[in-house]
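Note on naming: letters A, B, ... go to the chains in the order of the sequence lines (proteins, then strands), and numbering restarts at 1 for each one.
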Amino acid sequence: MEAVQAVRGMNDILPEQVGWWQGIEAAARKVLENFGYREMRTPVAEKLELFARGIGESTDIVEKEMYAFEDRNGDWLALRPEATASIVRAYVQHGLHGDSSYHKFYQIGPMFRHERPQKGRYRQFHQIDAEVFGLDGPMIDAEMMHMVSLLMERIGISGVSLNINTLGCPKCRQVYREVLKKFLSDKGDGFCEDCMRRRETNPLRVFDCKVKSCAQLLESAPQLIDHLCEDCRAHFEAVRDHLEKLGTPYAVNPRIVRGLDYYMRTTFEVITDRLGAQSAIGGGGRYDGLVRDLGGPDVAAVGFAMGLERLVLLLEQEKTKPVRSPLCFFASLGDQARASAFLLSQKLRERGVETEIDYEGRSLKSQMRRADKSGAKYVLILGEDELARREVQLRDMLTKTQRILPLDTILETLETIEAEKFNP
RNA sequence: GUGGGUGUAGCUCAAUUGGUUAGAGCACUGGGUUGUGGCCCCAGAGGCUGUCGGUUCGAGCCCGAUCACUCACCCCA
């Protein structure tokens, strides 16, 4: 019989790796809640239309990467390729904007994009996503980037850098787009095939190009920063000023143009050189028009997303793997003793003492080996002799010392030991 | 969607110009100790060499196809 395999690009996270995930998620929840963000959980599937309108019809995500399917009743649905559109939808649908001038939400969960998998990129991947609605000033932009930097630190990841940029507003971007288009066509045919295409469809994206000759030609290109309208310039300068006062290191990088249509003004990415081709471990920015475009009130919005798989890959490079060990292993000899050990170990677990036992009646040597491998600090040994005397041996695996306890005190004794683990 | 690389035991890898019984380390099981872990010693179990086809007296090895994994392009977290 042939075994069924997991879907390409959709990975199992096995117990051996899951410690990384739990650590990252716990750190993220703590930091986000500290900054006033509240968790929201939205469905993994939405109406296809939501993503088409929210992300942009002409983006790669919508054009060729979506898991779209027809529901049995004829509706077109899609597995979410990102979280922002869903959170905006829920915010609008439940009228959450009514009770306060601004709101902060976060979500942690799986996203789906039908791309060819490679290192740090999978078809089901996981994001930590945060959104703020209702604040249009530069303060929240800076706070969000400051928070992201703190989050990296709390997770335990170093050697990453924060790159920021501004895309201007639709008004000044339109002016700049024409200036850039003129520059690009004046330069002639020196660009790579992709850039020749980009300069017609989405000229800003040429700055994303990795081809050396293109980068050279672009050195003298006009910069968006020099073509900002007065409001956009003031906003960007205030963001930078806040970051500097917060002591959050950053670099201005005009190449941060972001792939989704809805971004404007502030954009940022957290970048590393340790993940192969995938340099961005997180990114975000401002998208003031999106809520209105999705049928909601005309409120400003800022948000970011971080890739959990990428965080895990980085964390694996610099920290040792977290391990999960029981406090005690309950070894027994003989059927009667094993039956008693079974009952007592359930009592221990009921009291919150993490306990492992032998179910199979194996040799004591084999049980000791298993106990050692499990990392248990203590082994309880109950043989027929001990059982007859209503006693049990308590072995400290580290010091290799053993003492005899009355059988009916082990619950209290181990409970005390367990408590000392937290208040030594 | 396009291109490169790799598929041998649970894991990491060997296997002479194509040659007869496909090996090792780690992990696993049992024993060395009538009831005591890590180290050591002994033994055992574990494989349709990804799959299908071709060349050959003979294929883990050569050829083709296919599938999977992987890296990269595009794009993105």
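When both distances must be under 3.5 Å, the Watson-Crick or G-U wobble mate of B:U17 does not exist. Figure legend. B:A43 is base-paired to B:U29; pairs are counted as Watson-Crick or G-U wobble with both atom distances under 3.5 Å. Pairing of B:G1, defined by two Watson-Crick or G-U wobble distances under 3.5 Å, is identified with B:C73. Across the strands present, B:A65 finds its partner in B:U51; the criterion is a Watson-Crick or G-U wobble pair with both atom distances under 3.5 angstrom.
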Could you write nucleotides 26-36 of chain B as a row of B, S and -, 5' to 3', where a protein heavy atom under 4.0 Å of any base atom gives B, of only sugar-phosphate atoms gives S, and otherwise -? --SSSSB--BB

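Put simply, the residue from A:Met145, A:Glu143, A:Met139 that forms a side-chain contact (heavy atoms from CB on, under 4.5 Å) with A:His242 is A:Met139.
Summarising the geometry, the separation between CD on A:Glu269 and C1' on B:A77 is reported as 9 Å, rounded to the nearest angstrom. Between A:Glu115 atom CD and B:C71 atom P there is a gap of 14 Å when expressed in whole angstrom units. One can place CG of A:Leu398 at 11 Å from C1' of B:G38, the figure rounded to the nearest angstrom. Nucleotide B:C76 holds its C1' atom 8 Å from the CZ atom of A:Phe125, rounded to whole Å. Look at NZ on A:Lys119: it is 6 Å from P on B:C71, rounded to the nearest Å. Counting to the nearest Å, the P atom of B:U2 and the CD atom of A:Gln118 are 16 Å from each other. One interatomic measurement links the two molecules: CZ of A:Arg310 to C1' of B:C76, which rounds to 6 Å at whole-angstrom precision. Look at CZ on A:Arg116: it is 16 Å from C1' on B:C76, rounded to the nearest Å.
Salt-bridge formation is not detected for the pair A:Glu82/A:Arg113: no Lys NZ or Arg NE/NH1/NH2 atom is positioned less than 4.0 Å from an Asp or Glu carboxylate oxygen.
At the heavy-atom level, A:Ala280 lies under 4.0 Å from the strands shown only through sugar-phosphate atoms. No contact: A:Gln367 has no heavy atom under 4.0 Å from any strand. Residue-level contact check: A:Gly120 touches the bases, meaning some heavy atom is under 4.0 Å from a base atom.
Taking atom P on both B:G38 and B:G30, the two are 13 Å apart, rounded to the nearest angstrom. For the P atom pair drawn from B:C28 and B:C69, the interatomic distance equals 29 Å after rounding to whole Å. Between the P atoms of B:G54 and B:G58, the separation comes to 12 Å (whole Å).
At least one side-chain heavy atom of A:Lys30 sits less than 4.5 Å from a side-chain heavy atom of A:Asn34.
Ring geometry, A:Phe133 versus A:Phe105: the interplanar angle falls from 30° to 60°, so the pair is classed tilted.
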